[in-house]
Amino acid sequence: MKKYWLMKCEPNAYSIDDLEKDGVTDWNGVRNYQARNFMMKEMKVGDLAIYYHSNATPPGAAGIMTICKEAYPDSSARDKKSKYYDPKACDEKPIWYHVDVSFVKKFDRYVSLKEIRETPSLSDMMLLKRGMRLSIQPITKKHFDTISKMGNL
DNA sequence: GCCAACGTTGGC
DNA sequence: GCCAACGTTGGC
């Protein structure tokens, strides 16, 4: 059964345009156990995800991607020069894992957080919960389809 | 830049 | 195991 996700990234760091250019990328740098566990335990190749631009002006949904490789160790955790370096990670115990995602499409229209908030059928999204900062969130097919429809002309 | 909310750390 | 202090996230 295909699952649906919302994955946040700051466009300053890596945007939907970067993903469009690269085609595929590893979703590295996740350093939160709950988000990691979604990638390790729940995500399957073929799942679809909304690419969400956080800390953007305005924040919102920028496009769609698909999971194209199941979770494997995040090498940035063992790279001393990376800002995601974690001294507790080692080859025997990588701690941090990530999936690979591939570009599907950039929305014709950016769907801002404000619009998401104002759409009744999206009102139960985890994203809209107060203080919710989890960077990878499960969403329903209904959420996914609704946002896709808003984003595609 | 501010700050509320959250997760993590570390002393006890 | 508690919890205060701290660092981070992310909207505004």
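Throughout, protein chains are lettered first and strands after them, A, B, ... in sequence-line order, and every chain is numbered starting at 1.
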May I ask you to check whether [X] and [Y] show a side-chain donor-acceptor distance below 3.5 Å?
X	Y	result
A/Asp79	A/Tyr84	no
A/His143	A/Thr146	no
A/Lys105	A/Asn152	yes

Exercise. Which residues satisfy the salt bridge (charged side-chain N to carboxylate O under 4.0 Å, His left out) test with A/Asp124, sequence neighbours excluded?
Worked result: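 Per chain and number, A/Asp124 pairs via salt bridge (charged side-chain N to carboxylate O under 4.0 Å, His left out) with no residue.
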Exercise. Base, sugar-phosphate, or nothing: which does A/Lys83 touch, judged by heavy atoms less than 4.0 Å apart?
Worked result: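 Nothing, no heavy atom under 4.0 Å.
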Exercise. Within the side chain of A/Glu42, is there an N or O that forms a donor-acceptor pair under 3.5 Å with the backbone of A/Met39?
Worked result: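 A pair under 3.5 Å: no.
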For this session: Establish, yes or no, whether a centroid distance under 6.0 Å links the rings of A/Trp27 and A/Tyr97.
Result: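 No, too far apart.
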Problem set entry | DNA chain C: 5'-most and 3'-most nucleotides touching chain A, 4.0 angstrom heavy-atom criterion |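 Using the under 4.0 Å cut-off, the span is C/dG7 to C/dC12.
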For this session: First locate atom NZ of A/Lys114, then atom OG1 of A/Thr119, and finally report the distance between them rounded to the nearest 0.5 Å.
Result: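 Answer rounded to 0.5 Å: 10.5 Å.
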For this session: To the nearest 0.5 angstrom, please state how far the CG atom of A/Asp100 sits from the OG1 atom of A/Thr66.
Result: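 Nearest 0.5 Å value for the CG-OG1 distance: 11.5 Å.
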For this session: For residues 23-32 of chain A, pull every pair meeting salt bridge (Lys or Arg N to Asp or Glu O under 4.0 Å), keeping only residues two or more places apart or in separate chains.
Result: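 Listed once each, the pairs are A/Arg31-A/Asp74.
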For this session: Please list residues of residues 48-57 of chain A whose heavy atoms come under 4.0 Å from any atom in DNA chain C, ordered by number; otherwise none.
Result: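 When residues 48-57 of chain A is checked for heavy atoms under 4.0 Å from DNA chain C, the hits, listed by number, are A/Tyr52, A/Ser54, A/Asn55.
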Problem set entry | Within residues 114-133 of chain A, residues whose heavy atoms come under 4.0 Å of DNA chain C |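 The stretch gives A/Arg117, A/Arg133 as the residues lying under 4.0 Å from the strand, ordered by number.
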For this session: Please identify each residue that fulfils side-chain contact (heavy atoms from CB on, under 4.5 Å) with A/Lys2, with sequence neighbours left out.
Result: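 If we apply the side-chain contact (heavy atoms from CB on, under 4.5 Å) test to A/Lys2, skipping adjacent residues, the hits are A/Tyr4, A/Asp47, A/Leu48.
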